[in-house]
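In the text below, chain A, chain B and the rest are named by the order of the sequence lines, each starting its count at 1.
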Amino acid sequence: MNCQKFESLAADLARGEMMEVDVLSDARAHQAECSSCSLRLHDEEMLTRGLHSVAVEMNSLQASEATEHSLLASFRQHSVVVPLTSTRTYRPYWLTAVAAILLIVFGLAAVVWKGSNQPKNQIAVQPVPQAPTEIKDNKNLVAPDNHVANLPAPSKPKRNFNPRVLQTRNSKANRAENTVANHAEVATDFMPLGYLNPALLQDGGQIVRVEVPRTTMASFGLPVNMDRYNERVKADVLLGVDGVPHAIRFVQDKRSQ
Amino acid sequence: MKPKTDLTDAELLRLMMSGDEESFTLLYKRRHPSIYRFALQMSGSQQVAEDVTHDVFLFLMKDGHVFDPNRGSVSSFLFGVARNYVLRRFRGDQLTVPFADGEDDEPFDQVGSEPDPLEDLTKAEMIDNVRRAVLSLPERYREVVVLCELQELSYGETAEILGCAIGTVRSRLHRARGLLLAKLRPNKEAEVLSSTVVESARCFA
């Protein structure tokens, strides 16, 4: 071991730090050989003793009782303040939670209310289907020879047309007329003429009033008064934009019932 | 259920944070002397030591929840807080190390009684010299000497408090001891010189 290595270990040797046995024996051997390193270790040991004396000297020192009393007073005051602080801290969270719950409840209520309203609207919009039996007694149905008669002015073809939408949109405009008409006429539900693809009615359509032979009703499974089989009956035919008829319903004047 | 005096510092701190005054008192009585001495050894001022001790435990009762047992002991935590307060006083209050006579520069209470007054005087003088030499060290060396030598903490605990590596603590302590020896050596040489002069005077007498 050389002097530089010993100097790095001198403090640990003086402080009694644990080290490997080989290193310790080498250091002791070098100390015995080198007077300057021996003096250095002596100085380090003196310093260690001096520092230890200072530590022992101050070992019994502590803060005054006034500090302890002051801290205890602060602690009691702080203990009183703590609940207030915590309450103040958590109050906004409770308010937020209550507000969130209320929002959820109102949101759910709105969804339920809307859901319950939608079927009602549809039911209100849909025309009341008339039972075929209502036109059983169609004794006074007019049977003119002209085969087409225009019904209330057909509305302009609209996009996204379908029978339900048409009825819904026309319901406002025709409500008064329909109300009057409903008082004057009864009608069956629309019956498809062959396969009715709703997509064909997307671009619009038209309803025309026609008169057909009463026997036509039989082809749709409706009862026919055989005493009046040679008369004509009113019918509404639903035409697509291409002019192809898609559905038909039979109409009867109430007066004639 | 074990008595509170047997509880660890961390358990006392937890109870203290829930408002238990007895736990606070126990923790204070257990830990405040070392904190007070650390502040006193760092500053050399009893008033500063009192203030720092007060501030450390005031911080503990208000912000004790920031203590993380995974990062170290309560003792190390308190030393770290005390160190910050001491350094803050050094920088904020422009505190001067009381080498010169000042209001706070009161001699520490003497402990024990020695039969020989001369030996008492010599020892007291030696202790005073060492204390002054420690106080004259730069802060980063002083705190290592105070923690490792005067508080007798391990390198690991000191590194934990200072937030540095153990190797850094070792190197700083080595450097600090070298500085202390350099500061104390003139006194020693002067003593040797004075004793030589006396001996010479006796010879010539």
Side-chain angles (χ1 to χ4, degrees), chain A residues 3-19 36-87 89, chain B residues 16-21 24-25 28-29 32-37 39-41 46 49-58 60-62 108-112 123-124 126-131 133-134 145-146 148-152 154-155 170-171 173-178 180-181 184-185 188:
Chain A
C3 293
Q4 189 179 1
K5 177 71 174 172
F6 184 86
E7 190 183 347
S8 67
L9 294 173
D12 287 340
L13 284 169
R15 296 180 77 239
E17 291 286 329
M18 293 188 68
M19 58 181 67
S36 63
C37 287
S38 179
L39 187 61
R40 173 64 192 261
L41 181 61
H42 179 262
D43 287 347
E44 290 281 358
E45 287 172 343
M46 288 295 291
L47 176 62
T48 300
R49 277 199 288 273
L51 289 168
H52 181 68
S53 298
V54 172
V56 170
E57 180 75 14
M58 301 175 76
N59 205 25
S60 62
L61 297 179
Q62 58 183 16
S64 65
E65 289 188 358
T67 303
E68 183 178 350
H69 293 323
S70 171
L71 282 168
L72 276 174
S74 298
F75 184 83
R76 287 173 190 139
Q77 190 180 1
H78 183 68
S79 298
V80 173
V81 170
V82 163
L84 292 174
T85 307
S86 61
T87 305
T89 304
Chain B
M16 183 196 107
M17 293 309 293
S18 63
D20 186 10
E21 184 178 324
F24 171 73
T25 307
Y28 175 78
K29 286 187 182 302
H32 98 270
S34 56
I35 298 300
Y36 174 81
R37 287 197 295 272
L40 180 60
Q41 289 156 355
Q46 291 182 341
E50 293 275 357
D51 291 347
V52 167
T53 305
H54 183 272
D55 290 346
V56 166
F57 282 91
L58 202 62
L60 189 67
M61 71 176 71
K62 287 180 178 172
F108 302 140
D109 297 335
Q110 301 296 315
V111 179
K123 188 178 180 185
M126 185 268 290
I127 288 172
D128 193 48
N129 286 337
V130 173
R131 186 176 62 84
V134 170
V145 169
V146 167
C148 289
E149 303 286 0
L150 303 183
Q151 295 288 331
E152 297 179 341
S154 67
Y155 290 148
R170 291 176 72 98
S171 63
L173 183 61
H174 186 265
R175 174 71 178 144
R177 288 178 66 98
L180 283 175
L181 283 173
L184 292 170
R185 194 165 287 138
K188 188 180 173 185

Under 4.5 Å to a heavy atom of chain A? For B:L173 that would be side chain
Okay, B:T25 and chain A: the region with an atom under 4.5 Å from a heavy atom over there is side chain
Chain A shares the most heavy-atom pairs under 4.5 Å, among B:K29, B:Q41, B:H54, with B:H54
Turns out that what part of B:V146 lies under 4.5 Å from chain A's heavy atoms comes down to neither
Do B:L184 and A:M46 come within less than 4.5 Å of each other through their side chains, counting heavy atoms only? no
Whatever's closer than 4.5 Å to a heavy atom in chain A on B:H32 counts as side chain
When the 4.5 angstrom heavy-atom criterion is applied to A:E17 and chain B, the contacting part is side chain
Margin query: Any heavy-atom pair between the side chains of B:I127 and A:V56 that's under 4.5 Å?
Written below: no
Do B:H174 and A:E7 have side-chain N/O donor and acceptor atoms under 3.5 Å apart? no
Between B:P33 and A:Q62, the two heavy atoms sitting closest are CG-OE1, 3.8 Å
So CE of A:M58 and CG of B:L40: to nearest 0.5 Å the spacing works out to 3.5 Å
Is the shortest heavy-atom distance from the side chain of A:D12 to the side chain of B:R170 under 4.5 Å? yes
Before you tell me yes or no, could you show the steps for B:L181 and A:R40 under side-chain contact (heavy atoms from CB on, under 4.5 Å), namely the whole-Å CA-CA distance, both residues' side-chain angles and the distance that decides it to 0.1 Å? CA-CA 10 Å; B:L181 283 173; A:R40 173 64 192 261; 3.9 Å; yes
Q. Does any non-hydrogen side-chain atom of B:M61 lie less than 4.5 Å from one of A:L71?
A. yes
Rounded to the nearest 0.5 angstrom, the CG-OG distance for A:L61 and B:S34 is 12.5 Å
Value for CZ (B:R131) from CG (A:L51), rounded to nearest 0.5 Å, stands at 13.0 Å
dist B:F24:CZ -> A:R76:CZ (nearest 0.5 Å) comes out at 10.0 Å
Under 4.5 Å to a heavy atom of chain A? For B:E152 that would be side chain
Given side chains that start at C-beta, do those of B:Y28 and A:L72 come closer than 4.5 Å, heavy atoms only?
no
Between A:A11 and B:R177, the two heavy atoms sitting closest are CB-NE, 3.6 Å
Atom CZ of B:R175: over 12 foreign heavy atoms under 6.0 Å: no
Counting heavy-atom pairs under 4.5 Å with chain B, the top scorer among A:A66, A:A55, A:A63 is A:A63
In this structure, OG1 of A:T48 is separated from CG of B:L180 (nearest 0.5 Å) by 10.0 Å
Of A:S70, A:A14, A:S64, the largest count of non-hydrogen pairs under 4.5 angstrom with chain B goes to A:S64
Whatever's closer than 4.5 Å to a heavy atom in chain A on B:F57 counts as both
Indicate yes or no: at least one non-hydrogen side-chain atom of B:M126 is less than 4.5 angstrom from one of A:R49.
no
